[in-house]
Amino acid sequence: MIHRPSDPFTARLRRVPRAQVVLGALALVFSVVLLWASWLVLTDRYMTALGNRASVRSTLYANAIESVLKTYTVASALLAQDRLLLSALTGAPSEQTLLTLGGVQSTTGALSISLYTATGTPVADTQSIDRQINHGVAPYFQLALDQDVSVFATVAVSDTEQRFFFARRIQQSGTILGVVVIELDLAGLQDEWVSSADQVFVTNAEDLILLSSRAEWRYRSLSPFLDPLSAQGAGRFGLLPMLSLDPSNAGPQVAIDDEVFLRIDREVDFRGWTVTYLAPISEVRERVTGVLALEIMGMSLLVALGLYVISRRVARRSLQLQRESEELRALNVRLGSEIEERLRIEQSLQEAEQSLEQSSRLAALGQMSAAVSHELNQPLAAMKTYLAGAQLLMKRNRPEEAMTSFQRIDDLITRMATITGQLKTFARKGTSELGEVDVRTCVSAALAIMAPQIGQSRIEIIRGMPDTPVMVRADSMRLEQVLINLLRNAADAMRSVPEPVITIEVFSGPNLARIQVRDAGPGFQGTAAKLFEPFFTTKAPGEGVGLGLAISAGIVRDLGGSLTARNAVDGGAVFEVSLPLIRAAGGTEP
């Protein structure tokens with residue numbers, strides 16, 4: 001089948017727009033989140049700064065008003081104790097009296113200072129005759145006669161003008177002689193507010209606006225003025241909790257003529273007066289909008305840069321795809337000429353595969369022959385030993401003992417017949433039926449078969465087995481075959497050892513039966529897993545083909561167990577067969 005080289009590139013081109021859409025959506029979401037977070041942070045910061053500035057400004061205004069009012073309070077108290085004024089009230093007034101009042105007026109900045117007797121008769125007045133006011137009939141005059149404190153009064157001269165007065169009685173030895181009245185001049189203070197851009201007004205204890213930087217607010221009641229439900233203030237003042245731009249809780253906000261202000265109130269230490277400072281929140285909006293505009297400009301520049309980079313990348317990719325398309329067209333031409341050659345090669349490969357299959361069959365036949373030779377070699381060697389012993393016994397006229405050897409030879413012939421059927425376990429699981437087998441019996445049978453070879457090599461056998469049966473589910477013939485192979489390998493490993501010893505022990509644990517075969521040889525080199533590979537052997541050529549341990553490991557696996565190997569700490573190799581227990585009686589773990 002001809003490969004279509006353009007398909008991967010077509011798929012790549014189809015994937016590019018989708019990736020760009022995803023990246024564009026992520027960039028848009030990130031930009032919106034960034035702008036929203038910036039709006040929150042900047043609004044909080046600028047509202048906090050606006051609140052701090054409004055708090056400072058309102059404090060300054062409150063301190064200025066409080067200072068002026070205290071000045072006139074102190075001035076009225078001092079004038080009430082002046083000896084010259086006492087003399088003027090008890091005797092004839094002099095020019096010095098008017099000079100004293102004029103000096104206090106110029107010092108305090110009052111509009112006028114007047115001195116009256118207790119009956120309301122004017123004694124001296126700093127105001128010109130045509131502008132003098134008869135304070136003797138005013139309510140604050142009578143109130144000053146009744147109280148030994150400075151009386152403050154506000155008098156509405158017109159709808160757009162009010163005057164402020166301090167009145168204090170003058171007494172001597174408990175006798176009220178007269179009253180001194182100071183007319184305040186707060187117009188200059190109010191003019192300073194008007195000239196500034198600040199929105200500020202002063203209310204008294206009855207919420208009446210006395211002073212204001214805006215003329216239309218003066219002499220109005222504050223409560224209905226701020227009440228959004230009243231007819232007078234509808235659409236002018238109103239609390240805006242839902243539209244507040246005040247995440248920092250800088251203070252309450254009010255709306256005046258559709259403009260929102262931050263409201264800061266400062267109480268004045270004078271008869272319940274309050275200074276209210278209004279800071280326009282439009283400044284915060286303008287500053288936040290300016291910063292957000294800069295951020296949007298920066299994002300736009302980044303987007304423009306990103307689009308430029310993407311366009312350049314797309315251009316490079318287009319050129320690359322064009323070159324690759326030309327190369328692929330040339331490749332298609334070469335592939336077309338190679339198709340027929342590949343067909344011929346495939347035909348040759350089929351013929352080679354048939355030859356290789358035949359060779360594999362021959363190799364498998366050779367491996368099976370080697371395995372059969374190895375497995376039959378042990379019984380043949382034992383039969384040769386038993387036959388020589390039987391001949392010797394017959395020569396010595398001991399036929400009964402010779403019959404025992406012949407019986408063992410018969411058992412070995414039976415074993416050789418079963419071995420040929422068991423060698424297939426190297427390739428797949430065996431088909432022999434399993435039964436309950438005592439491990440101790442299999443160990444004894446294997447030792448009996450190996451007894452002649454062990455005797456010739458003068459190997460000492462050390463047994464360690466429990467007194468009670470150790471039952472496993474296995475094929476006794478195949479298990480003995482494994483033990484015989486381990487015993488023979490142990491004997492071969494100790495040919496150069498002066499005092500060869502084989503230790504075979506059986507342990508019964510909670511779930512496993514373990515058979516350990518240990519020799520006193522030099523141990524093995526390399527990893528233990530390599531010992532169980534087919535055709536791996538450490539023996540000299542002609543002494544083994546390296547299938548014994550591989551076949552033994554396959555037999556143990558078929559029985560549901562495992563065969564492992566390790567080097568002992570004090571020398572020698574230890575091979576251990578582990579099989580699942582049917583029932584454990586006696587024997588303990590080492």
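Bear in mind the structure is a predicted one, so any value in this text is a computation, not a measurement.
- Residues Pro522 and Ala493 approach most closely at CD-O, 3.5 Å, considering heavy atoms.
- For the pair Val506 and Arg463, the minimum side-chain heavy-atom distance is 4.5 Å or more.
- For the pair Arg566/Glu576, a side-chain contact is recorded, criterion being any heavy-atom separation below 4.5 Å from C-beta on.
- At least one side-chain heavy atom of Arg334 sits less than 4.5 Å from a side-chain heavy atom of Leu331.
- Distance CG/Asp519 to CZ/Phe575: 7.5 Å, rounded to 0.5 Å.
- Between the CG atom in Leu294 and the OG1 atom in Thr289 there is a gap of 11.0 Å [rounded to 0.5 Å].
- Scanning all heavy atoms of the two residues, the minimum distance from Ala491 to Ile502 falls at N-CD1, 4.1 Å.
- Going from atom CG of Leu563 over to atom OG of Ser552 covers 6.5 Å, rounded to the nearest 0.5 Å.
- Side-chain atoms of Leu581 and Ser508, non-hydrogen and from C-beta on, do get closer than 4.5 Å to each other.
- Put simply, the side chain of Thr441 does not reach to within 4.5 Å of the side chain of Ser476, judged on heavy atoms.
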Is there a side chain to side chain contact (heavy atoms under 4.5 Å, CB included) between Gln516 and Phe507? Walk through the geometry before answering. CA-CA 8 Å; Gln516 285 188 359; Phe507 303 98; 3.9 Å; yes

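- Distance CZ/Arg478 to CG/Leu434: 7.0 Å, rounded to 0.5 Å.
- To the nearest 0.5 Å, the span separating CE on Met297 from CG on Leu302 amounts to 12.5 Å.
- Proximity of Phe406 to Leu387: side-chain heavy atoms (C-beta onward) are separated by under 4.5 Å at one or more points.
- Met450 contributes atom CE, which lies 6.0 Å from atom CG of Leu487 (distance to the nearest 0.5 angstrom).
- Residue Glu326 qualifies as enclosed at atom CD: its count of foreign heavy atoms under 6.0 Å is above 12.
- Formation of a donor-acceptor pair under 3.5 Å by the Asn567 side chain with backbone atoms of Phe524 is found in this model.
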